[in-house]
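Inspection log for the structure reproduced underneath, given as structure tokens.
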Amino acid sequence: MSAPTVPPFTEWMRRIQERTESALDRILPAANIAPTRLHEAMRYAVLGGGKRVRALLVHAAGELVAAAPTRLDAGASAVELIHAYSLVHDDMPCMDNDVLRRGKPTVHVEYDEATALLVGDALQTLAFQALADPPGDAAGGQIELIRLLASASGSRGMAGGQAIDIAAVGQHMSREALEFMHVHKTGALIRAAALIGVRSGASSSTDTSDTFERVDHYARRVGLLFQVVDDILDAEADTATLGKTAGKDAEHDKPTYVSLLGLADARRFAEGLLADAHAALAPLDKSSVRLLELADYIAHRAF
Ligand code: GRG
């Protein structure tokens, strides 16, 4: 009997993106439920856009430990809801003051500032509800998943990184300080996505193996890789391709890997991070293939 064929990465990616979209559609309150304007704006912020990189990480890491897909849908939705909230708040006039996100007007432009603030707040709490109330056949171990997401999102994770980012505008930053900022602002949630995937597998088998440590190492490198590539794209790509305003880092006088290292060294740094991520998973079996392919996608994406 021949071995089952594994679908190519692009097919797998599209399938996970579609099931994440459906899961988010189910979790988000319908737009006709009161308060209708808030619910409509929440759906506007979350649905119909984004690469879903964090959801892909949850599923890729979950496949490594044969986790139930419905359980991974809950984790994938939760990290995408936190991510969407962070984008809505980041785009507001009190932060980055941007008008374009995912190729459409930002939430405060399409609705208003008060609504954008509430959308972010409500998406954040909905993320934890998604983890606490997984579908019927997916119960067990939620506290650990909630703990991972909470510590990645709060002042010692993403929100803390954002605070450092805001304070850094116009300042010189050492390479160590830049890395510290990005490990928190962008890296923490990306790392949490992969760890939530691994922890969604059948309980303790992953505790005793070194799989968790290897995925953790991989995810830390990929988190930084994501940001270095984001810096390169911000410097190189155009607004239409990115679906968000290009060149904002330089315009806002923000320290980035490109401003610190130059384009060529930033690219070399990204290739090194990708190689590290691959090396971390090398001893694992072929079920790590999606994580490897995903790291390649993150390194070589066009937007
Ligand atoms: C407001 C608490 C708070 C935090 C905001 C992550 C963040 C912190 C702000 C986002 C600003 C930004 C552009 C960061 C660079 C990296 C990044 C997160 C890019 C956007 O993520 P993608 O490319 O977006 O995964 P899509 O639209 O594909 O989901």
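- Scanning both residues, L260 and R175, for their nearest heavy atoms gives CD2-CA, 3.4 Å.
- Here CD of E40 is found 10.5 Å from CG of N32. Values are rounded to the nearest 0.5 Å.
- A heavy-atom distance below 4.5 Å is found between the side chains of M181 and M173.
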Counting only pairs under 3.5 Å, give me each side-chain donor-acceptor contact of residues 7-15, with atom names and distances, residues two or more places apart or in other chains.
residue: W12; atom: NE1; partner: E63; partner atom: OE2; Å: 2.7

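- Using a 30° and 60° split on the angle between ring planes, Y257 and F269 fall in the tilted class, from 30° to 60°.
- V222 and Y297 fall within the same hydrophobic cluster, defined by Ile, Leu, Val, Met, Phe, Trp and Tyr side-chain heavy atoms under 4.5 Å apart, directly or through other members.
- At distances below 3.5 Å, at least one donor-acceptor pair connects side-chain atoms of R71 with backbone N or O atoms of S200.
- Taking hydrophobic clusters as Ile, Leu, Val, Met, Phe, Trp and Tyr residues chained together by side-chain heavy-atom distances below 4.5 Å, V289 does not share a cluster with Y218.
- Other residues sharing the hydrophobic cluster of I143, ordered by chain and number and joined by side-chain separations under 4.5 Å: none, the residue standing alone.
- Under the 4.5 Å side-chain heavy-atom criterion for Ile, Leu, Val, Met, Phe, Trp and Tyr, L87 and I27 are members of distinct hydrophobic clusters.
- Contact check for L57 versus L291: side-chain heavy atoms found under the 4.5 Å cut-off.
- The minimum heavy-atom distance linking A122 with T125 is given by the pair O-OG1, 3.1 Å.
- Screening D234, D98, D230, D238 for a salt bridge (Lys or Arg N to Asp or Glu O under 4.0 Å) with K244, the sole residue that qualifies is D230.
- Looking at R43, its side chain does come within 3.5 Å of a backbone N or O of L28 through a donor-acceptor pair.
- In this structure, the side chains of T106 and L100 stay at 4.5 Å or more apart for every pair of heavy atoms.
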Kindly list each side-chain donor-acceptor pair under 3.5 angstrom involving residues 72-86, sequence neighbours excluded, with atom names and distances?
residue: D73; atom: OD1; partner: R19; partner atom: NE; Å: 2.9
residue: D73; atom: OD1; partner: H59; partner atom: NE2; Å: 3.3
residue: D73; atom: OD2; partner: R19; partner atom: NE; Å: 3.3
residue: D73; atom: OD2; partner: R19; partner atom: NH2; Å: 2.6
residue: S77; atom: OG; partner: D73; partner atom: O; Å: 2.8
residue: E80; atom: OE2; partner: R54; partner atom: N; Å: 3.4
residue: E80; atom: OE2; partner: A55; partner atom: N; Å: 3.1
residue: H83; atom: NE2; partner: R54; partner atom: NH1; Å: 3.3
residue: S86; atom: OG; partner: H83; partner atom: O; Å: 2.8

Next on the checklist: Is there a side-chain contact (heavy atoms from CB on, under 4.5 Å) between L189 and L149? Walk through the geometry before answering.
Outcome noted: CA-CA 7 Å; L189 190 60; L149 192 63; 3.8 Å; yes

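- Looking at heavy atoms from C-beta onward, Q142 lies out of side-chain contact with L131 at the 4.5 angstrom threshold.
- Grouping Ile, Leu, Val, Met, Phe, Trp and Tyr residues whose side-chain heavy atoms lie under 4.5 Å apart, directly or via other members, places M95 in a hydrophobic cluster with I166.
- Although no hydrogens or angles enter the test, the distance criterion places a donor-acceptor pair under 3.5 Å between the side chain of R214 and the main chain of A280.
- Between the side chain of K51 and the backbone N or O of L56, no donor-acceptor pair lies under 3.5 Å.
- The heavy-atom pair separating A266 from V228 by the smallest distance is O-CG1, 3.5 Å.
- By the 4.5 Å side-chain criterion applied to Ile, Leu, Val, Met, Phe, Trp and Tyr, L117 is assigned to a cluster that also includes M92.
- For the residue pair H182 and D231, the shortest heavy atom distance occurs at NE2-OD2, 4.1 Å.
- The backbone N or O of D285 sits less than 3.5 Å from a side-chain atom of S288, completing a donor-acceptor pair.
- The line from CG of L178 to CD1 of I164 is 10.5 Å long, rounded to the nearest 0.5 Å.
- Considering OG1 of T20 and CZ of R52, their distance stands at 7.0 Å, rounded to 0.5 Å.
- In terms of the side-chain contact (heavy atoms from CB on, under 4.5 Å) criterion, residue partners of L263 (sequence neighbours excluded) are, by chain and number, I232, E236, V258, R267.
- Within the 3.5 Å criterion, the main-chain N or O of P29 finds no donor-acceptor partner in the side chain of H39.
- How far CG of L281 is from CG of D276: 11.0 Å, rounded to the nearest 0.5 Å.
- Under the 4.5 Å side-chain heavy-atom criterion for grouping Ile, Leu, Val, Met, Phe, Trp and Tyr, V109 is not connected to V119 through any hydrophobic cluster.
- Under 3.5 Å, the side chains of D296 and H278 contain a donor-acceptor pair of N or O atoms.
- The minimum heavy-atom distance between P255 and Q171, with the atom names listed, is CG-O, 4.1 Å.
- A heavy-atom distance below 4.5 Å is found between the side chains of R37 and D112.
- Atom CZ of R156 has 12 or fewer heavy atoms from other residues, nucleotides or ligands within 6.0 Å.
- E21 places no side-chain N or O within 3.5 Å of a backbone atom of L47 that could act as its donor or acceptor partner.
- Note that CZ of R191 and NE2 of H184 are 10.0 Å apart. Values are rounded to the nearest 0.5 Å.
- Side-chain N or O atoms of R221 include none that pairs as donor or acceptor with a backbone N or O of G272 at under 3.5 Å.
- Heavy-atom minimum distance, A299 versus V229: O-CG2, 3.7 Å.
- Side-chain contact between F180 and V183: absent, with no pair of heavy atoms (C-beta onward) separated by less than 4.5 Å.
- To the nearest 0.5 Å, atoms CZ (R199) and CZ (R147) are separated by 10.5 Å.
- Looking only at side-chain heavy atoms (C-beta outward), R101 and D96 stay at 4.5 Å or farther from each other.
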Next on the checklist: side-chain contact (heavy atoms from CB on, under 4.5 Å), that's the test. Do L118 and M42 meet it? Break it down for me.
Outcome noted: CA-CA 9 Å; L118 290 171; M42 287 165 71; over 6 Å; no

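- One finds no salt bridge joining R268 and E271 here, because no Lys/Arg side-chain nitrogen approaches an Asp/Glu carboxylate oxygen to under 4.0 Å.
- At a threshold of 4.5 Å between non-hydrogen side-chain atoms, the residues F226 and R301 count as touching.
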